[in-house]
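Data block below; observations after.
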Amino acid sequence: MSKTLVVVESPAKAKTIEKYLGGDYAVRASYGHIRDLPKSDLGVDVDHGFEVSYEVPEDSKKHVAALKKALKANEDLILATDYDREGEAIAFHVASLLGVDPEHAKRVTFTEITRDAILEAFRRPREIDLKLFDAQEARRVLDRLVGYKISPLLWRRVQPGLSAGRVQSVALRMIVEREREIRDFTPVEYWSVDARLTPRGEDRPFLARLVSVPEGRIASAPDKKGVLLTAEAQAAAHVDRLREADYRVAKVESKERKEGPRPPFKTSTLQQEAARKLGFGARKTMTLAQRLYEGVDLPGEGTVGLITYMRTDSLTIAEAALREIAELVRTEFGAEYALAEPRRFKTKSRNAQEAHEAIRPTSALRTPDRVAAALDRDQLRLYTLIWQRTVATQMAQARFNQVGVDIDATAGTARYRLRASGRTMIFDGHLRVYAEGRDDGADDDGESRLPELTAEQLLSLLELLPEQHFTQPPPRFSEASLVKTLEELGIGRPSTYASIISTIQDRGYVRLEDRRFFPNDVGEVVTDKLVEHFPDIVNVNFTAEMEEDLDEIAEGDLQRVQVLRQFYTPFADALERAEEKFERYVEELD
DNA sequence: CAGTGAGCGAGCTTCCGCTTGACTT
């Protein structure tokens, strides 16, 4: 019987797809990239059109051998690697290593692993997109040139074993510059005044904040417009007059506010939430997620993958999954929690390639309770987080009653205004299942319960509470906030976020203390040298500009060699100048 | 003659992005 060999990246994915495709197909995994530039040479001929030499890394040899063997046992080859730049390159390299002409190899792509999507995709194979492959190769070569040309300079002039790269050096620079902002920060003092009030003759106290004084509106912080209470004496003068004032409700504003759920998880937000809510590092989160993805033994079901692919930048949820979640919400929580139409989310991140779905349970019906016995404690905690976040995306908005109360305080001719706000939940909606965690440092918005109040109502003053504040320096990066910022800048990919964090620590550039990044001396020295000699490359916009060029290659508007030459000519000059001027760093580094 | 030490030379480190084990902490 003649069968067709299908190649994907991941063995777990291979298993699932094989199940959907049935007996005519044998599905095997490449285990990621199987061919790369050599480890110990540049592997790029910069004088001859940036020609590359590839080799199969030692660890990939067994996988290539397995694929070759599998192709012998089958008739045909279909490359079903991810629908993105890297996936296209893997397809190209697999074809060429298996002796199939990449120009005529059969290529199939899909963005969700569901039966319908797979079967549909296999109905219409296409060819490998050579322009997209060209863009990938340009990316690969550029990263190699940056990394392998600059790093040796650091070995000679700063310390052996150091490294520089398009991604890691920008990450390091952000940490170093943040530290300097903190060092240079001068706190500015300012004051606020709160009044504890109660309706006259009653005991239902609430807090209101002083928002304007006779001279004008108060600035809530030094960088805001208005009158700033800069010293205790200034606040005290107002407090003295306010002590004698008459308080009266001027206006009560009540409106309903609605709040929708957060989008489903992608790699970066999963890492952020797992850090906030569970205290997991990025590496730990990814290892646990990998286990959930690969699957666990469930009684009666065999080995089942519990979540979709965990290295993704997509917010899309498959239609079939949306239907299943909607059904679950209706039966589990009732019709008032359900949506008339599925809620869909669009990614805002630059540079997203969206080859996969969002991270979601493979079946919402596998509730955390039902899988608990098959998971260890941390796996279950992470699964629960993913399950809740996903289900919440298909639940009704939460509704709040938002009340704002303006209060006039009159002391002789002096007129003051205070404001109290409160919020009560009318309907929990999606919050019944999941509420996003807050970063520490996020200010409590001071919203609390207010008594029923009406305009013209008279109030009694119970207490005045002047409070001293100081402006705060920006916070040091955590793993999660670093990843978040990198993603916003389009730097790094879901598969590399955790390793970026490791690299800058392994090199001794930074250290984590109380889960915050602090730069070490060597990190500061390297950053200064790189900024001095390679300002264009350690710039947060460098990757974005590179991506634009890569898009043009993929569109066929530019050639790989043009982009590389345009990059390399000035880069080679900078290298030469750095070679002359980059002074050896002599001071003792620990 | 055996052991020591100075001096020399060779070889290594490194990128980003795709993927799992294998193997320590």
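This structure is a prediction, so every number in the text was calculated from the model and none was measured. Atoms considered below: every heavy atom in the structure, side chains included; atoms not considered: hydrogens, waters and symmetry mates.
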> Would you call Lys15(A) and Glu18(A) a salt bridge, taking side-chain N to carboxylate O under 4.0 Å as the test?
Replying inline: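 So Lys15(A) does not pair with Glu18(A) through a salt bridge.
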
Check: [X]/[Y] side-chain N/O donor and acceptor closer than 3.5 Å:
X         : Y         : answer
Ser499(A) : Ser502(A) : no
Arg107(A) : Thr81(A)  : yes
Thr569(A) : Arg565(A) : no

>> Please enumerate all residues that pass side chain to side chain donor-acceptor pair (under 3.5 Å) together with Thr347(A), with sequence neighbours excluded.
In response: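 With neighbours one apart ignored, the set is Ser349(A).
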
> Are Tyr148(A) and the base of dT14(B) stacked, counting only ring centres nearer than 5.5 Å and planes tilted under 30°?
Replying inline: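 Stacked: centres under 5.5 Å apart, planes under 30°.
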
Can you figure out which of [options] approaches the side chain of [X] most closely?
X         : options                   : value
Asp82(A)  : dT13(B), dC15(B), dT19(B) : dT19(B)
Arg166(A) : dC18(B), dC16(B), dT19(B) : dC16(B)
Asp84(A)  : dT20(B), dC18(B), dC15(B) : dC18(B)

Please work out if [X] contacts a base, only the sugar-phosphate, or nothing of the nucleic acid, heavy-atom cut-off 4.0 Å.
X         : answer
Gly32(A)  : base
Arg291(A) : nothing
Val146(A) : nothing
Leu162(A) : sugar-phosphate
Lys39(A)  : base
Gly87(A)  : nothing
Arg144(A) : base

>> Under the ring-ring contact (aromatic ring centres under 6.0 Å, His included) definition, can you give me all pairs with a residue in residues 487-517 of chain A, not counting sequence neighbours?
In response: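 Not a single pair qualifies under ring-ring contact (aromatic ring centres under 6.0 Å, His included).
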
[X] side chain near [N] phosphate (N/O to OP1/OP2, under 4.0 Å):
X         : N       : answer
Thr496(A) : dG17(B) : yes
Arg139(A) : dC15(B) : no
Gln290(A) : dT20(B) : yes
Ser10(A)  : dT20(B) : yes

> Atom OH of Tyr568(A) and atom P of dC15(B): how far apart are they, to the nearest Å?
Replying inline: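 That distance rounds to 18 Å.
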
>> In terms of relative ring orientation, are Phe571(A) and Phe534(A) parallel, tilted or perpendicular, with 30° and 60° separating the classes?
In response: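 Geometry flag for Phe534(A) against Phe571(A): tilted rings.
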
> Testing Ile34(A), Val27(A), Leu77(A) for side-chain contact (heavy atoms from CB on, under 4.5 Å) with Val7(A), which one passes?
Replying inline: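 Of Ile34(A), Val27(A), Leu77(A), side-chain contact (heavy atoms from CB on, under 4.5 Å) with Val7(A) is met by Leu77(A) alone.
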
>> For a stem of at least 3 consecutive Watson-Crick or G-U pairs with distances under 3.5 Å, i pairing with j, i+1 with j-1 and so on, which stems involve DNA chain B?
In response: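 Counting only runs of 3 or more consecutive pairs, none involve DNA chain B.
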
>> Could you work out, with ring-ring contact (aromatic ring centres under 6.0 Å, His included) as the rule, every residue matching His33(A), not counting sequence neighbours?
In response: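 Expected list: none.
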
> Has the side chain of Arg493(A) got a donor or acceptor that lies under 3.5 Å from a partner of the other kind on the base of dC18(B)?
Replying inline: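 Side chain to base: no pair present.
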
> What about Arg311(A): does its side chain form a donor-acceptor pair under 3.5 Å with the base of dC18(B)?
Replying inline: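 There is none.
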
Which donor-acceptor pairs under 3.5 Å do the side chains of residues 541-548 of chain A make with protein atoms, sequence neighbours left out?
unit_1, atom_1, unit_2, atom_2, d
Thr543(A), OG1, Arg166(A), NH1, 3.2
Glu547(A), OE1, Arg85(A), NH1, 2.9
Glu547(A), OE2, Arg85(A), NH2, 3.2

Quick one: which protein N/O atoms are closer than 3.5 Å to N/O atoms of nucleotides 21-25 of chain B? Pair and distance per line, please.
none

